[in-house]
Amino acid sequence: MSSRDLVVVSVNYRIGPLGYLDPDGSGGGDGASGNPWLSDQVAALRWVNAHIAAFGGDPDRVTVAGQSGGALSTAALAGHPLTQGLIRRVILQSPPLGLDLPDPAAYRERAAAYLEPAGAEDAAALRALPWQELIGAAAGLFARTTAWGYWPTPFLPVIDGTSLRTHPAHALLDGSAADIDVMIGWTREEANFGFALDEGYADATREQVTDRIADTFGKEAADSVYAAYARARPGSRPVDVLMDLITDELFRVPALRLAEARAESGHPVWAYQFDLPMPAHGGRLGAAHCLELPSVFDNFDQWAHAPFLAGLDPAVRDGLAYAMHRAWISFVRTGDPNHPDLPQWRPYDTGTRTTMCFDTVVTALGDPAGASRLLHGPARTSAQPSAPLI
């Protein structure tokens, strides 16, 4: 991101089996327990608080931002007992808040399922393995945790009651975290990232998708829910309905629930939806997961190798990047994303549900995801096994 008068810090942290699986429960830091990935980030944030002034930063005006798994991390950090008072603002881009996170018992089962194909008995043995073997063993865990119509991930955070006391979806609603400034958003077709180019799903049948819908809505409602999704996307194939369902379950609807809850409690939140479809791959990606990133950072020159950007009109590309990049910078500086070259962006509330939509035309709309919000209604217990952390 163009820093101007900002100081930008990027941190490394453990991922994969060494970051999300902790068979010994040893964690890796104070209060870490079963989430080494999170203890690493807590340590980095505390370092920033202690040292950022030496780099020209203000420790009292720290913004934490992340996309996808990074957004889930951002929410988890905001609610962590060791980070209270260290974060002023957060930006949550496509947070998979619909993840069904394991409790310690389910987590231990998942760790054991990985240790077996890895041929390791404990965390120390895992750390001694070559990276090729660590990656190879993940295939077995993928096989055990993958179900048709779900976006799988073998590695998930654990709600252990210590480092992660509650689901990150609730972390910004209570205590001192409720006073943190929040920007949250999603892309219109998040799940196309994982399914649109998968030929194994191209021939999905209506019956298959309806059965998948039944996992969430129940068998009696499945046909009517399928019809509602089909009406919203004229000419849709069964796989298109499936992708919209997954987008809603994992990203859009949980993000809306967080925005609604904060608005109802009087804590401001700014909501956006990235709508620009990519022409690459015959337009099959739409506005998929990750596609807002080059615009947010206004660094398309760094994405020249990325085939999903092929065919994008340079004028549209540069104009959208200008609008988004400066909105993000403004939010970091002031807690308000508005700037002179952006239509007025009001905080989200339960009356107007204002959401900034970024497309070839940038405009603030009232409740653009209302159909999804009403269809899914209040939070329900989902049967979905898991979703990915990118």
Side-chain angles (χ1 to χ4, degrees), residues 1-4 6 8 65-68 70-71 91-95 183-197 232-236 240 243-244 247 251-252 255 270-332 336-346 348 353-372 390:
M1 181 172 284
S2 173
S3 60
R4 303 197 178 185
L6 306 181
V8 181
Q67 187 264 350
S68 191
I91 300 175
L92 309 174
Q93 297 178 210
S94 301
M183 179 197 291
I184 189 168
W186 53 89
T187 71
R188 191 179 58 207
E189 286 101 9
E190 296 273 8
N192 288 31
F193 178 92
F195 294 88
L197 304 182
R233 191 176 290 277
S236 60
D240 300 321
M243 288 186 285
D244 285 342
T247 293
F251 302 100
R252 180 162 43 219
W270 309 82
Y272 73 88
Q273 179 170 292
F274 184 82
D275 286 341
L276 182 68
M278 296 295 155
H281 301 290
R284 284 183 290 168
L285 284 173
H289 194 60
C290 298
L291 295 190
E292 86 285 7
L293 289 170
S295 293
V296 167
F297 287 95
D298 193 10
N299 64 346
F300 278 92
D301 57 321
Q302 302 298 313
W303 296 76
H305 65 287
F308 66 80
L309 295 176
L312 188 60
D313 185 319
V316 171
R317 176 196 69 197
D318 296 342
L320 190 59
Y322 181 91
M324 294 186 71
H325 184 61
R326 282 152 184 78
W328 264 239
I329 288 176
S330 179
F331 181 79
V332 170
D336 184 334
N338 284 285
H339 62 83
D341 296 308
L342 188 74
Q344 187 176 27
W345 186 351
R346 294 186 180 277
Y348 188 96
R353 296 186 167 90
T354 299
T355 305
M356 185 61 74
C357 294
F358 292 100
D359 201 339
T360 53
V361 174
V362 177
T363 186
L365 298 178
D367 204 15
S372 295
I390 300 301

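Hydrogens, waters and symmetry mates play no part in the numbers below; they use all other heavy atoms, side chains included.
- The backbone N or O of Ala287 lies less than 3.5 Å from a partner atom in the side chain of Glu189, making a donor-acceptor pair.
- The backbone N or O of Asn338 sits less than 3.5 Å from a side-chain atom of Asp336, completing a donor-acceptor pair.
- In this view, Ser94 and Glu190 satisfy the side chain to side chain donor-acceptor pair (under 3.5 Å) rule, not counting sequence neighbours.
- Using a 4.0 Å cut-off between charged nitrogen and carboxylate oxygen, Arg233 and Asp244 count as a salt-bridge pair.
- His325 contributes a side-chain N or O that, together with a main-chain N or O of Val296, makes up a donor-acceptor pair within less than 3.5 Å.
- Thr247 places a side-chain N or O within 3.5 Å of a backbone atom of Met243 that can act as its donor or acceptor partner.
- Once rounded to the nearest 0.5 Å, the distance linking SG of Cys357 with CZ of Phe274 reads 11.5 Å.
- For residues 355-369, the pairs satisfying side chain to side chain donor-acceptor pair (under 3.5 Å) are Asp367-Arg373, with sequence neighbours left out.
- Shown here are the side chain to side chain donor-acceptor pair (under 3.5 Å) partners of Ser372, two or more places apart in sequence or in another chain: Asp248.
- For Asp298, there are no side chain to side chain donor-acceptor pair (under 3.5 Å) partners at least two apart in sequence or on another chain.
- Every residue two or more places apart in sequence or in another chain that forms a side-chain contact (heavy atoms from CB on, under 4.5 Å) with Thr354 is listed here: Arg346, Thr352, Ala364.
- The main-chain N or O of Ala271 is found under 3.5 Å from a side-chain atom of Trp345 such that the two form a donor-acceptor pair.
- Leu197 CG to Asn192 CG: the interatomic distance, rounded to the nearest 0.5 Å, is 8.5 Å.
- Counting heavy atoms from C-beta outward, Pro343 and Val362 have side chains that approach closer than 4.5 Å.
- Among residue pairs with one or both ends in residues 270-283, those qualifying as side chain to side chain donor-acceptor pair (under 3.5 Å) are Trp186-Gln273, Gln273-Asp275; sequence neighbours excluded.
- Annotation: cation-pi geometry satisfied between Arg317 and Phe300 (NZ/CZ under 6.0 angstrom from ring centroid, within 45° of ring axis).
- Atom CE of Met278 is separated from atom CZ of Phe308 by 7.0 Å, given to the nearest 0.5 angstrom.
- Two residues are said to be in side-chain contact when any heavy atoms from C-beta on lie closer than 4.5 Å; Met183 and Trp328 meet this criterion.
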